[in-house]
Amino acid sequence: MKRAYKLDELDCANCAAKMERAAAKVEGVDSVAINFMAQKITLEANDDIFMEVLDKVEKVMQSVEKDVSIVR
């Protein structure tokens, strides 16, 4: 499943790149892209575990920039 979500409080292009690299390493992530200009994340993962993977990705992103959240 591939879904796109809006990101809240993303204000640094460098942080977005760091978050994308970190999110790509999360187990279960097939692909991930963070678009700083559009303020969105596109995540692809297996349907059965998608929400678990999304939660893990959000935690990893917040380890880079604590104020960033995924708008669901």
Side-chain angles (χ1 to χ4, degrees):
M1 172 185 307
K2 187 175 192 176
R3 289 191 178 169
Y5 296 92
K6 182 175 177 4
L7 293 173
D8 192 34
E9 299 293 325
L10 179 62
D11 57 2
C12 170
N14 187 44
C15 294
K18 287 180 185 177
M19 286 187 276
E20 183 176 287
R21 287 191 297 271
K25 296 177 184 176
V26 171
E27 186 175 339
V29 171
D30 294 331
S31 70
V32 63
I34 296 178
N35 184 320
F36 173 71
M37 295 302 288
Q39 300 282 299
K40 78 175 192 178
I41 181 171
T42 303
L43 177 66
E44 186 172 2
N46 187 304
D47 292 356
D48 299 334
I49 59 169
F50 187 86
M51 294 311 289
E52 293 171 40
V53 172
L54 182 63
D55 290 339
K56 289 178 186 176
V57 166
E58 186 169 34
K59 286 180 184 174
V60 166
M61 289 171 53
Q62 289 173 339
S63 73
V64 174
E65 182 58 51
K66 66 181 175 114
D67 295 331
V68 172
S69 62
I70 298 172
V71 179
R72 301 174 195 213

Original post:
Is a donor on one side and an acceptor on the other found under 3.5 Å between the side chain of Gln39 and the backbone of Phe36?
Top reply: yes

**OP:** State, to 0.1 Å, how close Thr42 and Ala4 come at their nearest heavy-atom pair, and which atoms those are.
**Re:** OG1-CB, 3.9 Å

Subject >> Gap between atom CG of Asn35 and atom CD of Glu20 - 0.5 Å precision >> reply: 9.0 Å

Original post:
If every non-hydrogen atom of Val60 is compared with every non-hydrogen atom of Ser63, which pair is closest and at what distance?
Top reply: O-OG, 2.5 Å

Subject >> Heavy-atom pair with the smallest gap, counting every atom of Ala23 and Val57 >> reply: CB-CG1, 3.8 Å

**OP:** Hey, could you give me the CD/CG distance between Glu58 and Leu7, rounded to the nearest 0.5 Å?
**Re:** 9.0 Å

**OP:** Mind listing the closest non-hydrogen atom pair of Ile70 and Tyr5 along with its distance?
**Re:** CG2-CB, 3.5 Å

**OP:** Indicate yes or no for a side-chain donor-acceptor contact from Asp47 to the backbone of Met1 under 3.5 Å, with no hydrogens or angles considered.
**Re:** yes

**OP:** Write down the atom of Val53, the atom of Ala45, and the distance for their closest heavy-atom approach.
**Re:** CG1-CB, 4.0 Å

Original post:
Counting heavy atoms not belonging to Lys6, are there more than 12 under 6.0 Å from its NZ?
Top reply: yes

Subject >> Gln62 side chain to Val68 backbone, donor-acceptor under 3.5 Å >> reply: yes

**OP:** Give the intermediate values and the outcome of side-chain contact (heavy atoms from CB on, under 4.5 Å) for residues Asp30 and Leu43.
**Re:** CA-CA 8 Å; Asp30 294 331; Leu43 177 66; over 6 Å; no

Subject >> Spacing of Lys56 atom NZ and Glu27 atom CD [to the nearest 0.5 Å] >> reply: 5.5 Å

Subject >> Under-4.0 Å salt bridge between Arg72 and Asp55 >> reply: yes

Original post:
Should Ile34 and Leu10 count as side-chain neighbours, where that means a heavy-atom distance under 4.5 Å?
Top reply: yes

Subject >> Euclidean distance, Met61 CE relative to Ile41 CD1, rounded to 0.5 Å >> reply: 4.5 Å

Original post:
Could you give the distance from CE (Met19) to SG (Cys12), rounded to the nearest 0.5 Å?
Top reply: 7.5 Å

